[in-house]
**Q** 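Sharing a structure with you now.
Note on naming: letters A, B, ... go to the chains in the order of the sequence lines (proteins, then strands), and numbering restarts at 1 for each one.
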Protein chains: 2
Amino acid sequence: MEMKDAVVALAAMAQETRLAVFRALVVAGPEGLSAGRIADALAVAPATLSFHLKELDRAGLVTARQDGRYVLYSANFAQMNALLGFLTANCCRGAVDDCAPAALCCPPDHA
Amino acid sequence: MEMKDAVVALAAMAQETRLAVFRALVVAGPEGLSAGRIADALAVAPATLSFHLKELDRAGLVTARQDGRYVLYSANFAQMNALLGFLTANCCRGAVDDCAPAALCCPPDHA
DNA sequence: TATATATTTCGATTAATGTTGAAATATGGA
DNA sequence: TCCATATTTCAACATTAATCGAAATATATA
């Protein structure tokens, strides 16, 4: 992941509505949620939500797929993990052994 | 970490100059760097850098301490790790075992 | 085809953010 | 004390982001 990509991804999550949307999608898992369900759950106007979903999509953090007349959004775990990897890279300068380990988000390949 | 804190921390890093500053401080380690050295290294105007350092400080991502006529800034690894923990929390819904592990940043307690 | 539902785009408005020169503040050394 | 260096604050400006009603687009069903 490049610096610019990281900035875009961080900016996408650096907003209360979008962070809430993203976390809801993380909980929902690979099946995802329709735009309408997200709008209801978070009480956000459809046009506003659409704007934020596009931001998350532009950042590569979510993926959209058509399902009938609904559009289902799901979290892009691979991108999420790439960002976390970027943020932790170059940390510790080799003394990584002493650092506390943490779990990343589930990759889609096992869902 | 609360939602609001996460948004503030993410917003602090969601800017090219600030992300560069923060990463430089992560590499520099607990000793930190003076504002002037950072300004030189990144070719940023002093006033601009001061503005960004204040943002990072407000987000709890860096700490400042006076050293003679210099002000030394260092990364706040604890806050960094809290943010990563927040972003990975509620991920996977219990299936954490299958997730790829990643190292967090070195906590200050062993530096 | 016509109608209803779901989502996005558009336009306008408001608010927040990033940048920098110049002035103010703080510290160290002559 | 006086001067030089380091950093921050201030003020002004330009840019970007967030919100939402209304209109446009897409899909499903009668």
**Q** What is the distance, to the nearest angstrom, from the CG atom on B:Leu49 to the C1' atom on C:dT20?
**A**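 In whole Å, C:dT20 C1' lies 13 Å from B:Leu49 CG.
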**Q** Atom NZ of B:Lys54 and atom C1' of C:dG18: how far apart are they, to the nearest Å?
**A**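 B:Lys54 atom NZ is separated from C:dG18 atom C1' by 13 Å.
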**Q** Would you please confirm or rule out a distance under 4.0 Å between OP1 or OP2 of C:dT17 and any side-chain N or O of B:Arg18?
**A** no
**Q** Answer yes or no: are there more than 12 heavy-atom neighbours, outside A:Glu2 itself, under 6.0 Å from its atom CD?
**A** no
**Q** Are any non-hydrogen side-chain atoms of A:Leu10 and A:Leu87 less than 4.5 angstrom apart?
**A**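 A:Leu10 vs A:Leu87: side chains touch.
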**Q** Select from B:Val71 and A:Arg58 the residue whose nearest nucleotide in DNA chain D is closer to the 5' end of that strand.
**A** B:Val71
**Q** Starting from P on D:dT8, measure out to OH on B:Tyr70 and report it in whole angstrom.
**A** 14 Å
**Q** B:Asn76 versus B:Met80: any side-chain heavy-atom pair under 4.5 Å?
**A**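 The answer is no, as the side chains (C-beta and beyond) never meet within the 4.5 Å cut-off.
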**Q** Does the Lys NZ or Arg CZ of A:Arg23 fall within the cation-pi geometry relative to B:Phe86 - under 6.0 Å from the ring centre and within 45° of the axis?
**A** yes
**Q** Please give, in whole Å, the distance from D:dA6 P to B:Arg65 CZ?
**A**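 Nearest whole value for this atom pair: 18 Å.
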**Q** For every nucleotide of nucleotides 24-30 of chain D, 5' to 3': is a protein heavy atom under 4.0 Å from its base (B), only from its sugar-phosphate (S), or from neither (-)?
**A** ---SSS-
**Q** For a quick check of understanding: with a heavy-atom distance under 4.0 Å over all strands, which category does A:Ala47 fall into, base, sugar-phosphate or nothing?
**A** base
**Q** Write down the distance between CD (B:Glu16) and C1' (C:dG18), rounded to a whole number of angstrom.
**A**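 Atom-to-atom, B:Glu16 to C:dG18, this comes out as 13 Å.
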**Q** Is any side-chain N or O of B:His52 closer than 4.0 Å to OP1 or OP2 of C:dT17?
**A** no
**Q** Give the rounded distance in Å between these two atoms: CG of A:Leu72 and C1' of C:dA6.
**A** 12 Å
**Q** Given C:dA16, is OP1 or OP2 found less than 4.0 Å from the side-chain N or O atoms of B:Gln15?
**A**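 Negative; the distance criterion is not met.
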**Q** A:Glu16 side chain to B:Val7 main-chain N or O, any donor-acceptor pair under 3.5 Å?
**A**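 Side chain of A:Glu16 to backbone of B:Val7: no pair is present.
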**Q** Does B:Tyr73 make a side-chain N or O approach to OP1 or OP2 of D:dT8 shorter than 4.0 Å?
**A**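 So the side-chain polar atoms of B:Tyr73 do come within 4.0 Å of the phosphate oxygens OP1 or OP2 of D:dT8, strictly under.
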**Q** Between D:dT8, C:dT20, C:dT8, spot the one nearest the side chain of B:Ala45, thanks.
**A**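 Of D:dT8, C:dT20, C:dT8, C:dT20 is nearest to the side chain of B:Ala45.
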**Q** Hey, does A:Thr48 have a side-chain heavy atom less than 4.5 Å from the side chain of A:Thr17?
**A**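 A side-chain contact is absent here, since even the closest heavy-atom pair is not under 4.5 Å.
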**Q** Considering heavy-atom distances to DNA chain D, does A:Ala14 or B:Arg37 have its closest nucleotide positioned more toward the 5' end?
**A**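 The residue whose closest nucleotide sits nearer the 5' end is B:Arg37.
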**Q** Reckon A:Thr48 has a side-chain N or O less than 4.0 Å from the OP1 or OP2 of D:dT19?
**A** no
**Q** Any side-chain to backbone donor/acceptor pair from B:Arg18 onto B:Ala11? Under 3.5 Å, distance only.
**A** yes
